[in-house]
Structure formats: structure tokens, C-alpha cells
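Step one of this worksheet: look at the structure below.
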Protein chains: 4
Amino acid sequence: MTDLARKVSVGIIGLGRLGSRHAKHLVEKIQGVKLVAACALDENQLKWAQESLGVKNTYTDYKKMIDKEDLSAVFIVAPTPFHPEMTIYAMEAGLHVFCEKPLGLDLDEVKKMAEVIHSHPKQIFQSGFMRRYDESYQYAKKLVDDGKIGKIIYMRGYGIDPISGMESFKKFASAADSGGIFVDMNIHDVDLIRWFTNQEPIEAYGLTSNIAAPELAEIGEFETGVAQLKFDGGTIATLIGGRHAAHGNQVELEIMGSDGWLRVGEHPDMNRVTVFNESGVVKPSLQSFGERFDDAFTKEVQDFVQNIAEQKQPSVTVDDGIKALLIAKSCQESANTGKLVTIHYDI
Amino acid sequence: MTDLARKVSVGIIGLGRLGSRHAKHLVEKIQGVKLVAACALDENQLKWAQESLGVKNTYTDYKKMIDKEDLSAVFIVAPTPFHPEMTIYAMEAGLHVFCEKPLGLDLDEVKKMAEVIHSHPKQIFQSGFMRRYDESYQYAKKLVDDGKIGKIIYMRGYGIDPISGMESFKKFASAADSGGIFVDMNIHDVDLIRWFTNQEPIEAYGLTSNIAAPELAEIGEFETGVAQLKFDGGTIATLIGGRHAAHGNQVELEIMGSDGWLRVGEHPDMNRVTVFNESGVVKPSLQSFGERFDDAFTKEVQDFVQNIAEQKQPSVTVDDGIKALLIAKSCQESANTGKLVTIHYDI
Amino acid sequence: MTDLARKVSVGIIGLGRLGSRHAKHLVEKIQGVKLVAACALDENQLKWAQESLGVKNTYTDYKKMIDKEDLSAVFIVAPTPFHPEMTIYAMEAGLHVFCEKPLGLDLDEVKKMAEVIHSHPKQIFQSGFMRRYDESYQYAKKLVDDGKIGKIIYMRGYGIDPISGMESFKKFASAADSGGIFVDMNIHDVDLIRWFTNQEPIEAYGLTSNIAAPELAEIGEFETGVAQLKFDGGTIATLIGGRHAAHGNQVELEIMGSDGWLRVGEHPDMNRVTVFNESGVVKPSLQSFGERFDDAFTKEVQDFVQNIAEQKQPSVTVDDGIKALLIAKSCQESANTGKLVTIHYDI
Amino acid sequence: MTDLARKVSVGIIGLGRLGSRHAKHLVEKIQGVKLVAACALDENQLKWAQESLGVKNTYTDYKKMIDKEDLSAVFIVAPTPFHPEMTIYAMEAGLHVFCEKPLGLDLDEVKKMAEVIHSHPKQIFQSGFMRRYDESYQYAKKLVDDGKIGKIIYMRGYGIDPISGMESFKKFASAADSGGIFVDMNIHDVDLIRWFTNQEPIEAYGLTSNIAAPELAEIGEFETGVAQLKFDGGTIATLIGGRHAAHGNQVELEIMGSDGWLRVGEHPDMNRVTVFNESGVVKPSLQSFGERFDDAFTKEVQDFVQNIAEQKQPSVTVDDGIKALLIAKSCQESANTGKLVTIHYDI
């Protein structure tokens, strides 16, 4: 920890499930930063920020917040479609930007957003691929980079929400564009697979279904998506996105190497308790990605603050974000068209 | 157990890894049967059958064995390409036939074989889909059939041999046609997925690689194969065949239902011992499918003998065998051509 | 497997839960043996033996069976208190004897039984410490003997029946003397600890309770017993016997070595299926020691038959049986008196 | 989180393995507190506190620190024998005190310390039974309190350090009094068992050994200690303390209830990665209790700060600390004398 003489003034846009987590971390866990303003549409959320977190000024218009406050950085945790315009506005106002994933849903908008980011090289732009900060993925990455499992043959990424989240998803997806099952549930997996393999997928075969939740058809969503990807270095991958796990939040990554395999999150253990009861031997499961990745969320923000202090761009770039989005959308396109999709990286 | 007054006279063709296991079971574990003759090309194998198992008559020509011996049934455990002609010869000689999987490698030959089988309806024909007899799959099947996990959304079947088997595979595949990675390693998975879902796959996307064993290219083989299948009822499946697991013999089946999931063989535990040592907490792994499925191999043969006694055809038919072969070959065709393959069941 | 020209003629005394299992194995799984007679008090059991197993002659008086039949060996699976007199009668009639554990409940009777056995050195006497034949314990024993975990510091043996067995225990214990919680539930653990350590316990501190089943007090039984043992080589051990596991049959052995630990049966997995449901990630548990040790029961009988054929006494002797009984009774004595008990081996 | 207008000024005594962790947490993770002074004998540790944590004033004499600084609270993380005198000095200086466990090694000193604490009821005194703050124990406690596992029959607590800590222990124990294996390794287990059962042990049978580390005899220490405890409510418990686990830091607690069991920390998983390699299927293990309990260490200090703010004594009292010490010492006394020890609570 280097000395951070002056604290970074921060504003946050969005105080929902994830935004409130970031806000709480900024106040309670992150050194060298001061959360001075918050923007949200919901008055209760703003009241919570004032009363529980001591945030002085609150806004319902993010532009006003950026204009009026003397901010060094802004956290964008608003719905995905707003990410590009908010990022552009903040970058042009001279702020460092932390933007949640995915970067956006429309590739053209995201490309424009990237241009703006590239034209402000002294401002830090960091996107929320927080899994790279999780100790288990970092442990796995180190094993892979140290050659402990040889060359990567195959990877499998599951991003499957628990049944308990279904109702809130329906509300969310009725009101906004989720981006589709692969964008919504597997963008982290795509990022991780690119990170582990240092390869790019070149072909996608996607399939979707609503066997578990036929009612999703009405809102143009799919409960399950499965995609098989072919990578330029020969590695093969499977992505599964879903919304109907009975047990909990299944975020699992398998890395099959020529000399060994790794599985991260094979079971979503809630804690270190094993229960022996009439069902058998039971490990209770986590329901929420927030609990699962609380430490990673904290560490990515610490890293962002550190990057600002050291004037250093993060290792995950905006281009990583664009590619992950493009890949997830290609899986969706394949499922929609029933055809193999070749992935072109004309970015 | 019904009364089996007269013992079934049995001959066996093939005394390799699997043939010798069947022969041993026939002598030591199966009631109501007598192994009276064995056929193999290797004199040492025949000597072993005589000395260790007390098999009276041995042959190097299977036709002679069938002609000379007064057999009721024959076990065909010879290399796969010989299965059709041997089955045809035995059926036409009036024998009950137990034939190892897969039925053959050439679809035309296999269809001809099926015709002969169908024209001898009083003779039992049983193929070696022994996993259906394994207590774990049976337990899983019962949970599924009882509706415990709802409707099947997705299945994943791994058939991955340990590195320790690589040298023997190279010898085998240099001398004979393995049928390719999907036929050789995933035919059981295909059978199980059909069994669990009661659906047929209609489209296959296969990919193969030799990242872990480039030398296999010289003999026209692949180390890894991954295929994604679309089923007529909407279920999606992934098959992985491989030959290079560092830890052991990974035969894993995942059944993702709308109300719960099952995994069979998530780890290939060797036994009930957990080792705590400098590596951490370790479960030793099985290396051999023979050990893994010893009970299932026994039970399928008991069932065959029982079927003969009761004049009852087994629930797994020759058509199941043909379909499994056709599906596995379609995965291979997709990998070979780089295209999606539509699966036609013109059998 | 050596050649067993003539089959061993066997009679069995007792056709209860364990006796019927042995009888079934003798008929269906064991080579070189013929079950010609059975003795039981329950007519239904005898009828089952005749009809299902094809046992010709049945008796309600074991002496008559031994006198009339031309037996080479007898299996004694009657209630424990009868073991000594039956063994003595059979040994004096010139038979080989397989006697279930424990040898008896009264130490004086058991010592007399041992004298008779010792005076018939050409007849095989084998007692039912079948766990030594279980592949998991054998695997663990080999690791220990190969020095993989160093010197044994501590051992822990759990013999805990499932709640589902409670009603049948109450009936059994109301009618007969169970020998007490340690004799009834931990005699195998005592045998295993002696086998693994090659040490003898010299001091016992036992405690019992009926917290889970107060009604057992009425029949002079305890639901739980816990004993700590001090061994002559410095190793320490804990025994737990119980009758009230909610999940299943917990037969667990821990071996703590100076360079590593082993646990055998940490969880009583029913099979290779993992269930992901609303409880979390669940491994179903075995309820019955019969299922758990079916293979071991088979192998110990195969060994007995082999020992007869080779005129070789088994490695587990009658003296091992006496010592195990003495140790278990010492734990009970400590619990009964509230004092430390020094164990004297004046046998 | 209540509003903590003024920050609590804190000094810390001791900057070793645990002291430095507390100091780091105070600076980086705990809201409402300011670490203004540190005392240690090692100049490097003080330098680290100044440079890395920004602690202004450092001392080698704890009394000077307490006298000169305007502290509200002090953290005592010095060697155990100093805990009583430091606590007394700080309490009498009007400070709130957080004192690491155990309270001391000499019961008379600890009783005197308790008197001083009791005579300053407005100052918060909190001892470091941090496991009560660990989410896994809290989850288990809730299950127990909610009656999910019925009445507690038996508990088993393991506190076993990894081999990797042996050299540092030898240095430590050569220089200072560890208190013996039970006080050093099982005091947390004693606290947890009292917490879970609401019972007090009344009799102890302890045994110790140096099989794994004979050289410890030279410094009057034991590598392993095993004790069996009888509780006033009928529950039975086993404690195991050790210093020679090959795999890692085994902190395991079993709670056997009449309707179900719990195990906390059955395996010391390092993270969520499972490794499949030539050893089998491996879960890497934690080596350090610091990593294992980092969150609990943070939460207990947060609770201490909160207790100060709310003028509320913690639920764990100094009397809990005395009882835990007395019980652990009784186990040791039994091992030393070879006799059963009756535990008297004349405190």
C-alpha cells in the first residue's frame, strides 16, 4: 500500500444491488477514497446513501452530479444500455471512470465509447471484470501460468443463477434489455477464458431453451443458453448461462490442461459447514454472486484507486470488454439463426 | 433369482482386457452358466483361460468354435470391426449373442447385422451398454423418472481416459480402427443421454484437437473431441472424449434438470479413503474403467443369462446400438468437415 | 484362484440380516463351496433358504444339523451369546468354523471356546472381522505399512448406526444381551486399531449417554458411547459408538500419522451420484452396513474357503477376537464405574 | 453501522504475526478507529508500523505508551504471560482493552486481572475469542440454536498446526511458556464447545505424546494432546491439539446432535479451486490460521469498536476466558498426572 496523501473524490451512478455494494465498500473498506456524491432514480436509495453511508450530495441526474461536484472519479453502476453515454460524458469531463460490465449492449455505441476512452489516455478507465481479482481464479491463473497443468485443451464456464432470483430477473428483463442469456450470464466466463488461454474464439455454435421457464418467451428471453466455441489456438470451450439452478449460484470454471485440470467453484459452498442430516451429507450453497465475490469487488476497487494514484491503466482494457461483448453476442446470434457464426474482430 | 436347472453353455471370442474380465466373471460370479470354450489369437491368453479358469477347449478360429462346440450362447469381445460378421455367423448358427459395444464401425455392416438379428427373434441379442446396469446411473435414472429434478435441460458426458492408458491406445489404434474419438470414448454417453432424455439428437457440432498429444495425428487420431448436440425435445448436450486425464479415468455425467441437477462420477474416487498429505486433501482416482464398472459388467451378464432363461429380449436393443453409433459418427463428421451436421435416422 | 476339485459342504446356523447375506453369497458368489443345510428358529427363513437358495435340508436344532449332515464347515451367525457353545460343538465334531463377531459376550466362555479351538489346530477357525477384507481399509493399511503417513499418533473409530435402525435395535436388545454399546458398535474399530498400530491399549476412559434416546435406559442400553484409549506404544485412540445418526451409517476411521493422515469412510456415500437441489449439494448416504460391506463379506468367505483348501489358519486369530472383546468391555466398565480402567491381558 | 462521529484512538502492544494483522486491519479495514501508537521490542516491527501503516509514535515500553499517548483503547497482542499485568495497567489507566487469548497462563494472575476488570465496569474488556465471529461457526450456531440438529450428544474440536509451523514453534516455546498443548492449541475449541452446549465440563482425561516430534521433550512440550471431557449436561467432547499436520492447518469442529451433525472446517480448503492431477483429486489446504480467520479477526475488532461506541460489554466475558483456561489446564494436568481430573470452578 503506497501512501495516498490526498483522497480521491468519487461519485457513484446507480445504487441497486451492485451499486449499493460498491458504495458500501467505498465508504467502509477502501482506503484513499471519499464517496462524496451519489446519483440514483430511487429516492429511498439516495436516502440510504445519505443516512447509512454519510454521502453528502445526491442527484437524480448524473450529468448534474458530474458538472457540480468536484469529482476525480465516477463509478457507473447504472443499467447497461446507459454505460456508453455515461462513460463518454464522464471521460469528457476529465474524470477517471470505473464502469460495470458489460460495457454496453450495442456494439456501435461501445466502439464509440472506446474511441473516447482511447482519446483520454491519462484518465483511468476500468471495467468491472472483478473475477480476475478473486483469489480462487488468481490461484488457478498462477497454476496455469506456472505450467502446472500444461497446455489448455478445453474450458467450461457456467454462469447459472439460482431459481430464487427468477422473479427479480423477470421484472428487470421486462423493463430493460438484458442483452440476452450469453451477454447477461457468461460475459465474465468469456473474459476469463480469454485471460487463461490468451486465445480468441473464431467460431460459435449457440443453442438456447426455455424448458425450465417457458414464460420467459413472452419477454423475449431464454432461461438457458449453451455455446461451444472454437479458439484460434485450438482450444475448445463451452459456455452455459442459466437462470434456474435449484441449489444456488453456480459459477464454475473448468480448465482442462494436457497435464492436469482445475475446477474453480465446482460447488457453490456457502461456508465451511458440512451438514449431516436426513438428506445425506449436505453442503449448503450460496445464492448470491454478491456474497460469492464480495472480496473480489473490494479488491477491484482498491486496484482502481491504486491505478489512479499511480497513473497506470489497468491490465483489463476497454478492448477486452468489447471483445467479450462481441463473443457473447456471437453466441446469441448463432442461437437466433441456427447457424454457425464466424467471429470477426473488426474493432 | 429363478431356478436355472440347466446351465447355459457359453463360448467367448476375445480374451483381451475386457474379454478376460467377462471370462473371469462367467466362471467366478455368474450363476447358471458354464464357460466351455474360448477363442483368441494370443496363445498366452488361451493358456490363461485353460489354467486359471478351467476352460476346456480353446480356439484361434471363432467359426470352428461355434461349429464344433455345443454352445447356447457366445460372447463377442473381439475388435469392433469384427462384431458384425461374428454376430451374423453366431445368430445364423442359432446362438444367443452378447456383443460388446459399439456394434461395429461401418454403418452398412451394422445395418446388415441388425437385419440378421431381427430375423432371429427367438435368440437373445444383447449389446454391452453396461452403464445402464451401474447402480449410480440406475439411482440417477430413478430420481429423474420420479420427477425429482424436473425436466432435463442439459446433459454433459465426459469419457476421458487417463494418461496412463495412452501408450496402449497408440498400439491399439496403430493396428486397428478405433472409430474415432467420439465413437471410441463417448458411445456410452450417447446411450445414457438417449436413455435419460428419451429424445434423439438432431444436430451436431464437433471439434477435435491434439494439443495434448500431437503425435496422434500420425495415426489419424485425435486426443480430444468436444461436441454439442441439439435434441428434438429441446434438450442440449455436450460430449467430451479424451485420452489424457492426469488424474485418472473421468467418466462423468451431468444431468441438469429444471428442479435440480445430478452429477454421476464427478470425481473418479478409487475407494473410500481420503488422504491428507503435503499436497492437501486428496482423493485417489481410479485409473481403469474395468475397476469402475466391475459390478455393472457382472450385472449385465447376469441379466443376459436371465434373459436367455426367460426368453426375453433386453431393454437395450440393436437399434439403440445403431443410433448411438450414428450419433457418435455424426459428431466426428462435423469435426472432420467443420460444418454443422444434421442427424438423419434412416435406419 | 487355485483349483478346488471337491466342493466344501457347508451348513449355516442363523438366517437373520447377516446370516441370510452370508447364505446368499455362499450360493451365488463363492466358488468351491456348496450350502447343503441351514438352521434357524424362524420357519419363514428356512423356507426362504429352500426356495430361493435351493438349500436341501433345514433344521431348527443346530446339533442335529451338525450330527446328521456330512458337513466340512459351519457358519455360525446366531446371536452372540450362543457363539461359544456352537463353536465348541462344531469344532469337536471335526468341522471348520466360521464364527461371526464378537466371539461371545462372557469372557470366561470365550476363553474356554479358545481352548477348544487351539486344541484342534488342523481345523480352520475364522471370525468375522470382515473389515480387514474391505478394499478401502486394505488400501489404507498398505499406505500405512509402506510408511506413507509415518508413525501413527492417533486413531478415531466411529461405529454409528442410522436412526432408521433404532426400532429394530430396541426389539433386538429387549430380547437379548447386546453386549453394550462398545461391544456392539465398536468391536470392529478395536480390531482395526490393533491391526493398524500393532499396539495394545492399556487404559480406557469410557463415557455413555442417552441424550438422543432416553427410552434406551429402560432396557439397560446406551445410545452413545465414547472412549479414549491409551496404547502401549504411545498412540491414543477415540472410539465412538452410537445408534442415532440422522444421515446414515457412519463407519469412519481416522489414522493420524506423523507425516500424513487417512480417513476411511469420512462420509457414507451411497454411490457416485451428487445431487444439487434446494438443500444445497448433497451426497446421499448409505443406511446399511450390509450394503457398505457387501464386497468385504464376500471376500472374507472366499478367504475362509481358500484357507480350508490350503489348510491354512487365517491371519485374524481367536486371540484377536478375545482381545477385541476384552478392550470393548473395558470401555464399558469404565463408563459403568466412572473410573479409569487398566486393561490386563491375562488370556 | 451507527455514526461514529469521533474516531477511537488506539494503541497496540505487540506487532508479531497476530499483532501485525490486527494493526493492519485497524488501519485499513476498521471504520471509526485511528491507530496512533504501537509498542514492540523489535525495531523492525516498529519501523514497519511507521512506514507501512503510518503509525506516528512507537514505543518499546508499553507503560510509556499508555502514559504519554491520549488513547481510548489498547490492543494487547504481547506474549501470553504479560496479558494480566498489561491489562491491569491499561484498565487502571482508564482504557478500553482488547486482549488476545488466552488471558494468561497463571490462574492466580488471571483471577486478579478479572477483579480489576470487574471493578471498571464502564471500560470495555474484550478477549480474542474471534472464532465466535467467523461466519461458519455463526452459521452452525444458528442451526443449533434453531434446533435443526436436536440436542448435542458429542463434540470434537481439532486445533492442529501444520508441520510448516514447527520450527517457529520450537523457537517460540524455547523462549517462552506456551502454556502446554491444550492451552496453546485448544483454548478456542473449549470456548466454542461451551458456547454451543451451554454446559461446563466436570471431568477431564488427557493424554499427550511426542511420537511425531520427540525433540519437543527437550523443551518440555508435547506435539499432540488428546482429551476427553464429561459435561454437566451429559454431553461428551474430545479435544485434539497438535503441531504436525502434513496437509495444513486443521481447525475442525464436529457437533453431533440427536437429529443431525455439523462439521465446521472438515477440510482446510485454501480456496474454491479443485486440482485434478497425478495424485488424484486434490483440494489445496490453508497453512495459516491468520488466512483462515482473517474475516473473523476483522469482525471481532469491528465489534470491539462498536461496543466502545455503544458502551456495551461484549457477550464473551473475562469469566469465559478464565473458564476456558481452567479447562485446558485441567486436560494438561490429567495428562501430566495420569489421572482423571475433576474440574472445580471456584472462580
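Residue numbering restarts at 1 for every chain, and letters A, B, ... go by the order of the sequence lines.
- One distance of note links CD1 of A:Ile255 with CD1 of A:Ile153; it measures 12.5 Å at 0.5 Å rounding.
- For residues 222-235 of chain B, heavy-atom neighbours of chain A at less than 4.5 Å comprise B:Glu223, B:Thr224, B:Val226, B:Ala227, B:Gln228, B:Leu229, B:Lys230, B:Gly233, B:Gly234, B:Thr235, sorted by residue number.
- Against chain B, no residue from residues 178-200 of chain A qualifies, as none has a non-hydrogen atom under 4.5 angstrom away.
- Listed options B:Met256, B:Arg263, B:Glu203 were ranked by heavy-atom pairs under 4.5 angstrom with chain A; first place goes to B:Arg263.
- In this structure, chain A has heavy atoms under 4.5 Å from both the backbone and the side chain of B:His244.
- B:Ile322 places a side-chain heavy atom less than 4.5 Å from the side chain of B:Leu107.
- Taken to the nearest 0.5 Å, the CD atom of A:Gln332 stands 6.5 Å off from the OG1 atom of A:Thr208.
- Rounding to the nearest 0.5 angstrom, the gap separating the CD atom in A:Glu333 from the CD1 atom in A:Ile343 is 9.5 Å.
- The two residues A:Ser285 and A:Gly248 make their nearest non-hydrogen contact at CB-CA, 4.2 Å.
- Contact between A:Lys339 and A:Ser334 at its shortest, heavy atoms only, is O-OG, 2.7 Å.
- For the atom pair B:Ser330 OG and B:Tyr205 OH, the distance stands at 16.0 Å (nearest 0.5 Å).
- The shortest distance between side-chain heavy atoms of B:His247 and B:Pro268 falls below 4.5 Å.
- For the residue pair A:Leu216 and A:Met166, the shortest heavy atom distance occurs at CD1-CE, 4.1 Å.
- Side-chain contact between A:Arg131 and A:Leu253 is absent, with no heavy atoms from C-beta onward closer than 4.5 Å.
- Listed in order of number, the residues of residues 135-152 of chain B that approach chain A to under 4.5 Å between heavy atoms are B:Lys151, B:Ile152.
- No side-chain heavy atom of B:Ser288 sits under 4.5 Å from any side-chain heavy atom of B:Phe293.
- The two atoms that bring A:Ile219 and A:Lys170 nearest to each other are CD1-O, 4.2 Å, heavy atoms only.
- Across all their heavy atoms, B:Val282 and B:Pro284 have their closest contact at O-CD, 3.6 Å.
- Only the side chain of B:Ile236 comes within less than 4.5 Å of a heavy atom of chain A; its backbone N, CA, C and O stay farther away.
- Atom-to-atom distance recorded for A:Arg292:CZ and A:Asp134:CG is 4.0 Å, nearest 0.5 angstrom.
- Residues of residues 154-163 of chain A that come closer than 4.5 Å to chain B, counting heavy atoms only, are A:Tyr154, A:Arg156, A:Tyr158, A:Ile160, A:Ile163, ordered by residue number.
- If you measure heavy-atom distances from B:Gln250 to chain A, the contacts under 4.5 Å come from the side chain alone.
- Residues A:Glu266 and A:Glu252 meet the side-chain proximity criterion, which asks for heavy atoms closer than 4.5 Å.
- The line from CZ of B:Arg243 to OG of B:Ser168 is 10.0 Å long, rounded to the nearest 0.5 Å.
- Residues A:Asn249 and A:Gln287 are not in side-chain contact: their nearest non-hydrogen atoms beyond the backbone lie 4.5 Å or more apart.
- Of all heavy-atom pairs between A:Ala324 and A:Phe129, the closest is CB-CZ, 4.0 Å.
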